[in-house]
Amino acid sequence: MNLGETSTMKQAKDIALRISITYVLLGVVWIILSDYFSMILAHEKLSMYIYFQRYKGWLFTLVTGIIIFLLVYRRTHELILSNEKLKKKEKQLQIRNQHYHSLFEQNPDAVLELTLDGNVVSVNSEAEGLLESTHEELKEVKFSKFLDEGEMKRVREYFFETFKGWSSTFETSIHLANNKQKILRCSLVPIIINRKVTGMFAIARDITLHRENEEMVVASEKLSVIGQLAAAVAHEIRNPLTSLKGFIQLMQTSNRINHDHLDIMLSEVDRIDLISGEMLILGKQQEVHFRPEKLDDILRQVLVLMEAQAHLDNVSIYYENKAENPLYVLGEGNQLKQVFINIIKNAVESIPDYKDGIVSITLEDRVSAARVIVTDNGVGMDPERIGHLGEPFYSTKEKGTGLGLAVCQKIIERHKGHIHFQSEIEKGTAVEISLPIVEEEIPGATAD
């Protein structure tokens, strides 16, 4: 017998006891009063006494019946109302449970209910498909099976936050059978009952295909940038090649070797090698691994490529490193180069022919963040256009796709940074990129 049934039995006994006591008290009061009244009638009027004695039982039955009816009616009415309210609440609870069950079972995301110990209580069909395991198998398995040591340590921190009643969202990679790997976007939501965290819901979505599509867009945009730079780089290489050809012809004519000329020729060859090397590195398909990258080196390597286009467009590029110490950011060098090339290229192209073009690049240290500021004295933009920058297929250029800045923003977001635009018509534009600073060596830096 459960607690609810015990409470109901006690309530029933209380009602029966009250009715019984009421009936006994009424009987006692009636006996005392009727005997007293009978004695008075016996002395005064015998006929009235006989009449009263004949009908006092009927009178008692009528009075007690009415009183008991009222008492029973009152209590029964209260019980019926209480029962109806209880049924109504049970129905509402059933509907709510069905709502939650539908939200759980029909959810397009994988949903797992977990205890505070990390044990699986229940899962929906999406979770079984995502993890390629049945409910019974997931009850027996430890999540360390799906995560490597570094990821397990990181995910465990989010679990601890959920224990405190905080929700959290993060991305992680899991390993399944047959060396299959999936990238998941996960949310941990605490289950709070009576202000205590009793468990949690883990909600996960497979974003592997989405991430692959993003990588394809990034790679496509990078090839587009390389293609646009190719003409300027070819022009930049043609100058040292012309010098080399002239010196070789001079040597053939004079039949003499001039060591000063050889030094100049070697420096020109080095410049050709540097420019072509940077183009090859930028175009090479590499795995995306985040590691500490020195920001000053990345910017100087970008300038080697961008000076070619700047010379072609008659624009001067100035670079200044204001940081007192070397600044390292956790990232992928090629993707960061792609961002800076795109931003600087936009700055160069925004300057009209009638102006003496100047693009200024500054690297600053802002306590916990490195800040790269690219300013130009180009045509500028109105505030309405600034609000749309970074949207795919929105461009301020006549033949632009708008994918360049959209890709830049996506790359900077992956690097936990921010990008901000300021512009004024006919005065120019300033682009500020902020990236979190890290130590030079970070053990266990993994692929994003």
Could you tell me if the side chain of [Y] sits less than 4.5 Å from the side chain of [X], heavy atoms only?
{"X": "H418", "Y": "H420", "result": "no"}
{"X": "N346", "Y": "T429", "result": "no"}
{"X": "V348", "Y": "D376", "result": "no"}
{"X": "E126", "Y": "V111", "result": "no"}
{"X": "V431", "Y": "I373", "result": "no"}

ask   = Which one of I358, L303, I361 satisfies the side chain to side chain contact (heavy atoms under 4.5 Å, CB included) criterion with Y318?
value =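 Going through the options one by one, the only one that passes is I358.
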
request  = Only one of N325, D365, L330, L295 passes side chain to side chain contact (heavy atoms under 4.5 Å, CB included) with I437; say which it is.
outcome  = D365

More than 12 heavy atoms of other residues, nucleotides or ligands under 6.0 Å from [atom1] of [X]: is that the case?
{"X": "K355", "atom1": "NZ", "result": "yes"}
{"X": "N119", "atom1": "CG", "result": "yes"}
{"X": "N83", "atom1": "CG", "result": "yes"}
{"X": "E324", "atom1": "CD", "result": "no"}

Within residues 197-207 or reaching into it, pairs that qualify as salt bridge (charged side-chain N to carboxylate O under 4.0 Å, His left out) - sequence neighbours excluded = D109-R205

message = Please list all pairs meeting salt bridge (charged side-chain N to carboxylate O under 4.0 Å, His left out) that have one or both residues in residues 80-90, counting only residues at least two apart or in different chains.
response =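 Counting only pairs at least two positions apart or across chains, no salt bridge (charged side-chain N to carboxylate O under 4.0 Å, His left out) contact touches residues 80-90.
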
Holding to side chain to side chain donor-acceptor pair (under 3.5 Å), I want the full list of residues that pass it with [X], two or more places apart in sequence or in another chain.
{"X": "S168", "result": "none"}
{"X": "D296", "result": "R300, Y319, N321"}
{"X": "K91", "result": "none"}

message = Using salt bridge (charged side-chain N to carboxylate O under 4.0 Å, His left out), reason through K153 and E157 one step at a time and then give a plain yes or no.
response = CA-CA 7 Å; K153 184 178 179 182; E157 293 177 359; over 6 Å; no

ask   = So, T162 side chain and P190 main chain: donor-acceptor pair closer than 3.5 Å or not?
value = no

inquiry  = I'd like to know whether E332 forms a salt bridge (charged side-chain N to carboxylate O under 4.0 Å, His left out) with R414, so could you lay out the CA-CA distance, the side-chain angles of the two residues, the decisive distance to 0.1 Å, and finally the verdict.
reply    = CA-CA 10 Å; E332 201 284 316; R414 286 190 193 172; over 6 Å; no

inquiry  = So, using ring pair (Phe, Tyr, Trp, His ring centres under 6.0 Å) as the criterion, who are the partners of F159 when residues are at least two apart?
reply    = none

